[in-house]
**Student:** 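Okay, handing you the structure first.
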Amino acid sequence: LFLLNQVIQMYGSCGAVDDARKVFDSIDTPNLFSWNIMLNAYTRNGLLDQAKQFFDINPHKDLVAWTTLMQAYATKGYVQEARTLFDNMPRRDTASWNTLIQLYIANNMVEEAGHVFRSMPQRDVVSWTAMLSAFAGIGHLDQAKELFSRMPQRNMVSWNAMLQGFVENGKIEEARELFSRMSERCVLSWNILIQANASVGDLEQAKSMFDTMPMRDAVSWTAMVSAYCQAGDVDSAKALFDAMPEESIIAWNAMIHGYVKAGDFREMRLMFDRMPQWSVISWNALIAAYGQIGEFVEANSFFDQMPAWDIVSWNSVLQANAISGRLLHAHQIFHQMPSRDIVSWIILLSANSQHGDLDRARELFLAIPEHG
RNA sequence: ACCUGUAAUACUUUGG
């Protein structure tokens, strides 16, 4: 049964939910773990409805199952539903409370998260670290630092979170200093520092860390490839890309963007056509590339060809048309979009003001929703 | 003792 549970978990983590379910169904008497692992297979793959149904037929419904389902709602932005689940849980442990904190953090309600943090019965290293990164994430680095120094215990994740906090607030020196004070480091710590050096254009330092780090994973490789691309050195990027031990779709996407930045659309297209598979990001990059140079026909055509869209795909095709002055079509796209975010509004707004329709621009400005 | 839930890193869109 252990082994079968592991198999379910394996299928679930590679997205093969149906196979996971087949294995689950083949078990005569699934245990608590089987139920929870299967539930997790649904939630990790974003299948909220199936997760909910599966939860409902679960005879155990233990603490872990409740928390797993709650987390699924949290990641999808269903704050109220997640909160209701939390309130209805028969029992709660620190992990459930931490999930509640994370619910608010993930939905831009850091204040509320802080309130939960202060009022929860027990705080562990996860609670502290979650709050630390939340504060860093909204630019409150002082509070993040204070939490880091006040927390009763720190583990590797806490150190990495603090490192990342410095990096995303542009405090590279402080990140380097903290890194040098770490008594032990993991791949992630190194990866964060590669990214830190790349973000200030210090490619030499980034590469030297990449070369000397004790162990590299896929993120190390793609971070370095992407660093070269962002610096415009697409040849070094390609050399590193070709040397990668395993291929990664993220590295492919980075290379596509690298060629676009370098203005080499021919190589970009070769890359795109040669990719073993495409993610939504690959398509988005392509649309944005053609939009940038005013080739809205190409952009529109790729948009129509892609199998699934996210908000960025819509914004990219919107931008492609807006930037070419096709205001009418841009408005059509804007209204067709399944949802709009602040980026969509800004694209349409600036298109209207740049092409002289100031009244329209003012109307749009006034129509922007206050939140979200 | 060993299988499940919560915190940390890489790729795409606008402005800053």
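Worth saying up front: this structure is predicted, and the values here are computed from it rather than measured. To find a chain, count down the sequence lines: A is the first, B the second, and so on, and within it residues start at 1.
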**Student:** A:F55 has an atom CZ; how far is it from atom P of B:U4, in whole Å?
**Tutor:** 19 Å

**Student:** Rounded off to whole Å, could you give me the CG-to-P distance for the A:L178 and B:U9 pair?
**Tutor:** 15 Å

**Student:** For RNA chain B, which residues in residues 81-104 of chain A have a heavy atom at a distance below 4.0 Å?
**Tutor:** A:D93, A:A95, A:S96, A:N98, A:T99, A:Q102

**Student:** Just to verify, which of A:Q277, A:H257, A:R274 counts as forming a side-chain contact (heavy atoms from CB on, under 4.5 Å) with A:W252?
**Tutor:** A:R274

**Student:** For A:F117, which of A:W128, A:W97, A:Y104 qualifies under ring-ring contact (aromatic ring centres under 6.0 Å, His included)?
**Tutor:** A:W128

**Student:** According to the side chain to side chain donor-acceptor pair (under 3.5 Å) rule, which pairs have a member within residues 220-239 of chain A, sequence neighbours left out?
**Tutor:** A:N191-A:S220, A:D217-A:S220, A:D233-A:S236, A:K238-A:D242

**Student:** Between B:G5 atom C1' and A:F54 atom CZ, what is the distance in whole Å?
**Tutor:** 14 Å

**Student:** Does A:W159 share a hydrophobic cluster with A:F179, counting links as ILVMFWY side-chain heavy atoms below 4.5 Å and allowing steps through other members?
**Tutor:** yes

**Student:** Hey, do the aromatic rings of A:W66 and A:F86 have their centres closer than 6.0 Å?
**Tutor:** no

**Student:** If I take atom CG in residue A:L132 and atom P in nucleotide B:A8, what distance separates them, rounded to the nearest angstrom?
**Tutor:** 11 Å

**Student:** Relative to A:W345, does A:R340 satisfy both conditions: NZ or CZ under 6.0 angstrom from the six-membered ring centre, and within 45 degrees of the ring's axis?
**Tutor:** no

**Student:** Assess whether one donor atom and one acceptor atom, taken from the side chain of A:T67 and the base of B:G5, lie less than 3.5 Å apart.
**Tutor:** yes

**Student:** Using whole Å, report how far CH2 of A:W66 lies from P of B:U4.
**Tutor:** 22 Å

**Student:** Can you measure A:M131 atom CE to B:A8 atom P for me and round it to whole angstrom units?
**Tutor:** 13 Å

**Student:** Under 4.0 Å, heavy atoms only, any strand: does A:N155 hit a base, just the sugar-phosphate, or nothing?
**Tutor:** base

**Student:** For the pair made of CH2 in A:W35 and P in B:U4, what is the distance, rounded to whole Å?
**Tutor:** 19 Å

**Student:** Return a single string for nucleotides 10-16 of chain B, one symbol per nucleotide in 5' to 3' order, where B is base contact, S is sugar-phosphate-only contact and - is none, cutoff 4.0 angstrom on heavy atoms.
**Tutor:** BBBBBS-

**Student:** I'd like to check the ring-ring contact (aromatic ring centres under 6.0 Å, His included) partners of A:W283; sequence neighbours left out, ordered by chain and number.
**Tutor:** A:F272, A:W278

**Student:** Please check if the distance between the ring centroids of A:Y259 and A:F265 is under 6.0 Å.
**Tutor:** no

**Student:** Under a plain distance cut-off of 3.5 Å, with no hydrogens placed, do A:Q164 and A:E168 share a side-chain donor-acceptor pair?
**Tutor:** yes

**Student:** In residues 108-129 of chain A, what residues come within less than 4.0 Å of RNA chain B, judged by heavy atoms?
**Tutor:** A:V126, A:T129

**Student:** Using the test ring-ring contact (aromatic ring centres under 6.0 Å, His included), find all partners of A:F303 that sit at least two apart in sequence or belong to another chain.
**Tutor:** A:W309, A:W314

**Student:** Would you call A:R176-A:E173 a salt bridge at under 4.0 Å N-O?
**Tutor:** yes

